[in-house]
Structure formats: structure tokens, C-alpha cells
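Data first, discussion second: the structure below is written as C-alpha cells.
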There are 2 protein chains.
Amino acid sequence: MAHRIAKRDELIVALGEIFRERGFDGASLSVITERTGLGKGSLYHLFPGGKAEMAQVVLEEVSAWFEKHVFVPLRESADPAAGIAHMFNAVIRFFRSGRRVCLVGTFALNDTRDRFGAEIRTYFSAWTEALAAALARDGFDVEAAHATAEDVVAGIQGALVLARSQQDPAVFTRAIKRLHQRTRVMQRD
Amino acid sequence: MAHRIAKRDELIVALGEIFRERGFDGASLSVITERTGLGKGSLYHLFPGGKAEMAQVVLEEVSAWFEKHVFVPLRESADPAAGIAHMFNAVIRFFRSGRRVCLVGTFALNDTRDRFGAEIRTYFSAWTEALAAALARDGFDVEAAHATAEDVVAGIQGALVLARSQQDPAVFTRAIKRLHQRTRVMQRD
DNA sequence: GTCTATAAAGCGATAGAC
DNA sequence: GTCTATCGCTTTATAGAC
């Protein structure tokens with residue numbers, strides 16, 4: 001087992017890793033107990049709603065991170081291209097250059113989605129819309145901006161799948177580079 | 001429960017749907033029993049290796065389908081552009097225009113990958129390489145062909161994630177249209 | 001707050017009747 | 001082939017001591 005986790009922030013990060021690695025169903029309380037060093041008693045004290053509440057809190061934490069490090073820069077950066085560059089850097093950091101998968105993506109694919117439908121839907125729509133707005137501000141016409149934003153967000157998710165299938169993070173970093181390039185030079189006027 | 005399933009082919013299809021909808025961990029034998037109308041006795045008679053063998057057989061069936069309807073046309077079509085068009089049509093059909101997710105993609109994202117590593121890796125690498133070869137035959141230079149092939153395969157996977165997160169299959173069909181377009185007009189010279 | 005003990009249900013898998 | 005009954009284990013969750 002890992003060292004005993006003291007701070008709540010640290011605990012939520014650890015829970016996120018477990019859910020990412022095993023999915024909601026595969027993340028059993030015994031695994032969570034072992035990896036966090038906290039007994040069931042402690043876990044249910046901190047999360048009376050059990051596993052569902054743990055996942056909910058992790059999802060909210062992930063959403064808050066993206067809001068702060070991705071969506072706000074996209075929306076508010078004076079230079080939209082700089083906001084977009086900021087997004088790609090944040091994404092590379094967050095997904096550990098392709099060694100980490102997207103928790104929201106994993107949850108979205110199977111029936112776990114039905115438990116957390118609102119959070120999952122909002123995460124992706126907020127991302128797509130913030131990016132589309134930045135692209136539009138950067139000179140894309142509205143239609144092309146929305147299409148490119150969808151392609152980029154989907155491209156990131158797909159690159160995570162591909163990289164993990166090949167156990168090769170470079171697949172992800174290559175894809176990010178190309179997606180970034182597409183936001184710079186494509187489909188103008 | 002569904003009607004009792006008679007033919008093995010039909011059974012494998014049903015198993016595929018269950019694994020797609022619930023993931024490997026979420027596809028419990030009780031769910032499988034209920035959805036197929038077959039008791040555990042029958043299931044273990046047909047698949048002595050249990051759930052792992054069921055998933056293995058489904059993965060092989062999916063791989064065989066893609067080999068026949070996607071990879072071979074990509075590799076052997078006299079007109080590479082026709083082979084690529086064939087691929088996109090097959091993909092739309094297979095994923096039910098975005099209402100079905102990719103079984104291999106779901107398995108790839110969490111630790112289920114470790115059980116079926118070889119099949120998962122091969123599925124995506126065979127797809128990417130067959131598409132890259134077709135693009136090269138169609139006039140892309142080798143580097144651009146490989147990059148575009150990765151973008152297309154990742155784009156399809158990501159579009160499935162996005163479509164499901166929004167519960168909107170149109171997200172998928174839109175993405176497919178754009179990806180197809182990119183194989184026609186991009187990065188030539 | 002954190003632990004141990006325990007409950008009740010569900011899990012994958014097997015045995016054996018038919 | 002398909003069923004029912006059952007095994008041993010794990011699951012989520014709770015109770016109660018400290």
C-alpha cells in the first residue's frame with residue numbers, strides 16, 4: 001500500500017488515478033483502501049455516499065482544474081492564439097504526455113455515463129465551446145471554428161485511446177502537435 | 001430477458017453489445033445470463049474459459065470483421081480513394097452512426113487492456129497502417145500519410161467518446177464527414 | 001477520525017441431474 | 001446442451017469500539 005494520505009486534496013488525486021486506471025466498476029473499495037492507506041471506516045467518514053460520492057468529487061475536481069487551466073484561458077486570453085497554446089500545454093501536462101487517460105472519457109464510454117451524465121456532458125461541451133469561441137476570435141469563421149473545436153477535442157480523446165492501446169505515449173504527443181498546428185493554419189476565410 | 005439465442009454467431013453479437021455497454025468488469029454473468037437467455041451452465045459449456053474467453057472471442061470476431069470490411073479494402077482496392085470511402089462507410093455502419101461505442105477502445109482505456117493487450121494493440125496498429133498505405137498510394141507522401149492515418153483513427157475513437165458524452169450521434173457523423181474530407185484534399189504535394 | 005468486525009448481496013466458477 | 005444448486009470469495013456498506 002501507499003503511504004497514508006493526509007490531506008483531502010492528495011486523497012482526491014489518488015482516487016482519480018484509481019478510477020482512471022480501473023474504471024468505476026474496477027475501482028473496488030479494497031483497491032481504494034490499499035492504494036490510499038485509508039480503511040473503509042475513514043473512507044465512509046469522508047465520503048458518506050461511498051464510491052459514487054468519491055467519483056463525483058473526483059469529477060468535480062477534474063472539471064474545476066479544466067475550468068481554471070483550460071476554459072478560462074481560452075475564453076479570457078487577450079490573444080486567442082495564446083489561450084489555445086495555453087490549452088495544449090495544460091492538456092499535455094494533465095494527461096502526463098499521454099501516460100494518463102481521461103477520466104471523463106472512460107466514464108463516458110460505458111454505462112457509468114448514466115450515473116454522471118450531467119458532469120460528463122458539461123465537461124465536453126464547455127471545452128468544445130470555449131475552444132470554438134477562441135478560434136472564432138482568432139479569425140476562423142463561426143462554422144469552421146466549431147468544426148475544428150470538435151475535431152481537436154475528439155482528436156485529444158482519440159489520441160489517448162490510441163496511445164494507451166499501443167502503450168506508446170509518443171502517439172499522443174505527436175497528435176497534440178498536429179492538432180495545435182491545425183488551429184493555426186487551417187480553414188481560414 | 002431477451003429471446004433465447006440459438007446460433008453461436010448471434011450469441012457473440014449479443015456478448016459484444018453487453019461488453020460495449022458495461023465494460024469488462026460491468027458485464028457480470030448475471031447480466032449476460034439475462035440478456036442472452038442462457039444459463040451459466042450453457043455459457044460455461046460454450047466458453048469453458050468463462051467471461052475472459054467470451055471477451056476474447058468477441059474481440060476476435062470484431063477483428064475479423066474489420067479485417068474483412070475495412071483493412072482488406074484499404075489494402076487491396078485498385079483505387080485507394082475508393083478503399084478509403086469503403087472504410088468510412090463500414091465504420092458508420094459498424095458504429096451504428098455513433099450510437100455504438102468501440103469495444104476495443106473501451107477495453108484499451110482501463111486495466112482491461114492488460115488482459116487483451118495483443119488484440120488491442122494489433123487492432124489499432126493494423127488499422128492505422130492499412131489506412132496509411134492507402135493514403136500513400138493515393139498520393140500522400142509517406143510521412144503525411146502516416147500522420148493523417150493516426151489522426152483519422154484517433155479522430156474516429158474520439159468522436160465516439162464525444163458523441164456518447166453528448167448522447168448525440170450526430171457529433172459522430174459530422175466528424176466522420178470531416179475526417180473523410182481530410183483524406184481527400186489535405187497535405188498533398 | 002480511524003480502526004475491526006460483520007452483514008447481506010453479488011461475483012465467477014463448478015458439479016451434477018436431466 | 002441446459003438447468004439448478006452450491007461453493008468460496010469479493011463486493012459495498014454499516015456498526016460500534018477506541
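Hydrogens, waters and symmetry mates play no part in the numbers below; they use all other heavy atoms, side chains included. Values in this document were obtained by computation on a predicted structure and should not be read as measured data. Quick note on labels: first sequence line is chain A, next is B, and so on, each numbered from 1.
Heavy-atom distances to DNA chain D give each of A:Pro48 and B:His45 a nearest nucleotide, and the one nearer the 5′ end belongs to B:His45.
Note on the helix from C:dG1-D:dC18 to C:dC18-D:dG1: angle between the axes of the first and last five pairs equals 0°, rounded to 10 degrees.
Of all the residues in residues 8-17 of chain A, not one reaches under 4.0 Å from DNA chain D with any non-hydrogen atom. Looking at residues 20-29 of chain B, you'll see B:Ala27, B:Ser28, B:Leu29 sit with a heavy atom under 4.0 Å from some atom of DNA chain C. Contacts between residues 49-59 of chain A and DNA chain D, defined by a heavy-atom separation below 4.0 Å, involve A:Gly50, A:Lys51, listed by number.
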Do any side-chain atoms of residues 159-167 of chain A form donor-acceptor pairs under 3.5 angstrom with protein atoms, and if so which ones, sequence neighbours left out?
residue	atom	partner	partner atom	Å
A:Arg164	NE	B:Ala108	O	2.7
A:Arg164	NE	B:Leu109	O	2.9
A:Arg164	NH2	B:Asn110	O	2.9
A:Ser165	OG	A:Leu162	O	2.7
A:Gln166	NE2	B:Arg121	O	3.0

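Applying the side-chain contact (heavy atoms from CB on, under 4.5 Å) rule to B:Val72 yields the partners B:Glu67, B:Arg75, B:Glu76; only residues at least two apart in sequence or on another chain are considered. A search for side-chain contact (heavy atoms from CB on, under 4.5 Å) contacts involving B:Ala145 returns B:Leu135, B:Ala136, B:Phe140, not counting sequence neighbours. Every side-chain contact (heavy atoms from CB on, under 4.5 Å) that B:Ala55 has, sequence neighbours left out, goes to B:Phe19, B:Phe24, B:Phe107, B:Phe116. B:Arg22 pairs by the salt bridge (Lys or Arg N to Asp or Glu O under 4.0 Å) definition with A:Asp111, not counting sequence neighbours.
Applying the side-chain hydrogen bond (donor to acceptor under 3.5 Å, both in side chains) definition to pairs two or more places apart or across chains, those involving residues 45-56 of chain B are B:Gln56-B:Glu60, B:Gln56-B:Glu119. Counting only residues at least two apart or on different chains, the salt bridge (Lys or Arg N to Asp or Glu O under 4.0 Å) pairs with a member in residues 83-101 of chain A are A:Glu17-A:Arg100.
Atom OH of B:Tyr44 and atom C1' of C:dA13 are 4 Å apart (whole Å). Rounded to a whole Å, the CD atom of B:Glu34 is 11 Å from the P atom of C:dC11.
Nucleotides of DNA chain D that come within less than 4.0 Å of any heavy atom of chain A span, from the 5' end to the 3' end, D:dT11 to D:dT14.
At a threshold of 4.0 angstrom between heavy atoms, the contacts of B:Gly39 are confined to the sugar-phosphate backbone, with no base atom among them.
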